[in-house]
Amino acid sequence: MVLSFGGFAGVPVVFAAYILGIPIVLHEQTVAAGLANRVTGFFASKIALARVESKQFFNRKKCVVIGNPLMSEVLRVKTKDSLPQIPTIYVTGGSRGAQRINNPVFVSLPKLLSKYKIIHQTGLLDYEKALTVKSKLEKRLQSRYEIHAFINPVEIGNIYNKSSLVVGRAGANTVSEVLSLGIPSIFIPIPWTRANEQTKNAEHAQKTGVSVLLPESRLNPEIFVQMVNSVFKKWNKMYELGRIRLNENMDKNAAKRLVAVLLELIP
């Protein structure tokens, strides 16, 4: 059996498996299917989809919608059902960080830290700059600003446990994790992804009511502060919408569904 999640490295493996008669299952994480999965979909015995919208890119007879598998660390998170006195914002630009997000955050820190705590995953490129920015803040604000160059995936549950708001890019995994937990969020999709997949992920999240989409073209310190404050003003409503939507969320049991698909095809 071969299970491929796409990416250029998966293409030759899938092709070799097809030649050798080995059953192949693809999993597509994004709303806008990736090129590798579109190419290898012809060879697959079954195509597992995270989102029903992806069916348009494949042979529908092969498709089954299962959701996007989540790490057990995420599934164990117990989210807050009310805002603490000083809410925590988790800001992430993905594993490598995003300067386009980091720079407005740096400028906004004095205003934001007067009301909130911030956990900022900066990426390696901006980590030293973040430390310098922190050192120039008022002492009372420095303790509210937690900086990480990188967060080990096994620690992400602890971050989500602390967070009342998540701000980040709109990669498939981040969107799935946040929606499965029902944490209010602001997604700033990368505008140059192939087929605009991150924008489509963010639009999918926004439809749930638990997330808002902030285009990168509109991102500046003033808009960023305004949007953060706006989300916290309607946080209770967004949280309740997140609770309602959890009953419709497929991602929590997606791993079990994917295993079931694999077991069906074992010779």
Side-chain angles (χ1 to χ4, degrees), residues 29-32 74 87-137 141-142 144-153 155-156 158-160 162-179 181 183-194 196-206 210-232 235 238:
Q29 295 178 301
T30 66
V31 174
V74 174
T88 296
I89 306 168
Y90 171 44
V91 179
T92 175
S95 60
R96 290 185 291 180
Q99 288 187 306
R100 190 66 184 85
I101 294 176
N102 291 342
N103 290 329
V105 171
F106 291 148
V107 176
S108 306
L109 284 174
K111 290 182 179 179
L112 293 175
L113 293 172
S114 65
K115 297 180 180 180
Y116 317 112
K117 296 178 183 177
I118 294 178
I119 300 172
H120 191 177
Q121 187 264 312
T122 63
L124 287 172
L125 199 60
D126 277 344
Y127 180 67
E128 293 298 331
K129 181 178 179 179
L131 292 176
T132 300
V133 170
K134 179 176 181 176
S135 69
K136 295 179 180 178
L137 293 169
L141 301 183
Q142 289 184 20
R144 296 185 180 183
Y145 185 38
E146 181 180 327
I147 307 167
H148 300 268
F150 174 79
I151 294 174
N152 190 316
E155 295 296 325
I156 193 62
N158 294 330
I159 302 296
Y160 286 141
K162 299 176 185 177
S163 303
S164 297
L165 171 64
V166 175
V167 178
R169 292 301 198 185
N173 286 330
T174 302
V175 171
S176 292
E177 289 170 357
V178 172
L179 292 185
L181 297 173
I183 303 175
S185 52
I186 299 171
F187 287 122
I188 308 165
I190 298 173
W192 58 84
T193 53
R194 190 182 183 282
N196 208 16
E197 68 177 48
Q198 285 212 0
T199 296
K200 292 176 181 177
N201 291 340
E203 289 171 346
H204 169 80
Q206 186 166 244
V210 74
S211 176
V212 292
L213 192 164
L214 174 57
E216 187 180 282
S217 59
R218 293 189 60 228
L219 180 59
N220 61 51
E222 292 75 21
I223 294 292
F224 183 67
V225 172
Q226 289 173 17
M227 186 159 281
V228 167
N229 289 333
S230 173
V231 168
F232 277 114
W235 188 92
M238 293 176 73

Euclidean distance, I188 CD1 relative to L214 CG, rounded to 0.5 Å:
5.0 Å
Mind checking side-chain hydrogen bond (donor to acceptor under 3.5 Å, both in side chains) for S163 and listing every partner two or more places apart, or none if nothing turns up?
none
By side chain to side chain contact (heavy atoms under 4.5 Å, CB included), which residues pair with Q121, not counting sequence neighbours?
Y90, T92, I151
Measure the OH-CG distance between Y145 and L131 for me, rounded to the nearest 0.5 Å.
8.5 Å
With sequence neighbours excluded, tell me which residues meet ring pair (Phe, Tyr, Trp, His ring centres under 6.0 Å) with Y160.
none
Under a 4.5 Å cut-off applied to non-hydrogen side-chain atoms, are N102 and H120 in contact?
yes
Heavy atoms of N201 and A170 approach each other most closely as ND2-O, 3.0 Å
Locate the shortest heavy-atom distance separating P191 from N196; write the atom from each residue and the value.
O-OD1, 3.9 Å
Measuring only between side-chain heavy atoms, which start at C-beta, is H204 closer than 4.5 Å to L179?
yes
Enter the distance from M238:CE to L165:CG here, rounded to the nearest 0.5 Å.
7.5 Å
Can you name the nearest heavy-atom pair linking P110 to F106, along with the distance?
CD-O, 4.2 Å
List the steps, then state whether side-chain contact (heavy atoms from CB on, under 4.5 Å) holds for L124 with F150.
CA-CA 7 Å; L124 287 172; F150 174 79; 5.9 Å; no
Mind checking side-chain hydrogen bond (donor to acceptor under 3.5 Å, both in side chains) for Q226 and listing every partner two or more places apart, or none if nothing turns up?
none
Measure the spacing between CD of Q99 and CG of L125 and express it to the nearest 0.5 Å.
4.5 Å
Among pairs that include at least one residue of residues 88-98, which meet salt bridge (Lys or Arg N to Asp or Glu O under 4.0 Å), considering only residues two or more places apart or in two chains?
none
What do the steps show when you test S164 against F232 for side-chain contact (heavy atoms from CB on, under 4.5 Å), and what is the final call?
CA-CA 9 Å; S164 297; F232 277 114; 4.1 Å; yes
Return the set of residues passing salt bridge (Lys or Arg N to Asp or Glu O under 4.0 Å) with E216 (not counting sequence neighbours), or none when no residue passes.
R100, R169
Filter on salt bridge (Lys or Arg N to Asp or Glu O under 4.0 Å), then keep only pairs touching residues 107-127, sequence neighbours left out; what's left?
none
Across all chains, not counting sequence neighbours, the side-chain hydrogen bond (donor to acceptor under 3.5 Å, both in side chains) partners of N158 are E155
Could you measure the distance from the CZ atom of R144 to the CD1 atom of I89? Nearest 0.5 Å is fine.
11.0 Å
Listed by chain and number, what are the ring pair (Phe, Tyr, Trp, His ring centres under 6.0 Å) partners of Y127, not counting sequence neighbours?
none
Shortest non-hydrogen separation from I101 to G93 and the atoms involved:
CD1-CA, 4.5 Å
Are K200 and T30 close enough, and set up right, to give a side-chain contact (heavy atoms from CB on, under 4.5 Å), and what steps lead you there?
CA-CA 8 Å; K200 292 176 181 177; T30 66; over 6 Å; no
Please determine whether side-chain contact (heavy atoms from CB on, under 4.5 Å) holds for the pair V228 and Y116, giving the CA-CA distance in whole Å, both sets of side-chain angles, and the decisive distance to 0.1 Å.
CA-CA 10 Å; V228 167; Y116 317 112; 3.8 Å; yes
For P215, check side chain to side chain contact (heavy atoms under 4.5 Å, CB included) against everything at least two apart and list the hits.
L213, S217, R218
Do V107 and F224 have side-chain heavy atoms sitting under 4.5 Å apart?
no
Taking side chain as C-beta onward, heavy atoms only, is K136 less than 4.5 Å from L109?
no
Would the distance check show the side chain of S176 and the main-chain N or O of N173 forming a donor-acceptor pair, the cut-off being under 3.5 Å?
no
Residues that K162 engages under side chain to side chain contact (heavy atoms under 4.5 Å, CB included), provided they are two or more places apart:
I119, E146
Distance col, row N229:CG vs L112:CG, nearest 0.5 angstrom, shows 7.0 Å
Restricting to side chain to side chain contact (heavy atoms under 4.5 Å, CB included), what partner residues turn up for S211, sequence neighbours left out?
S185, F187, A205
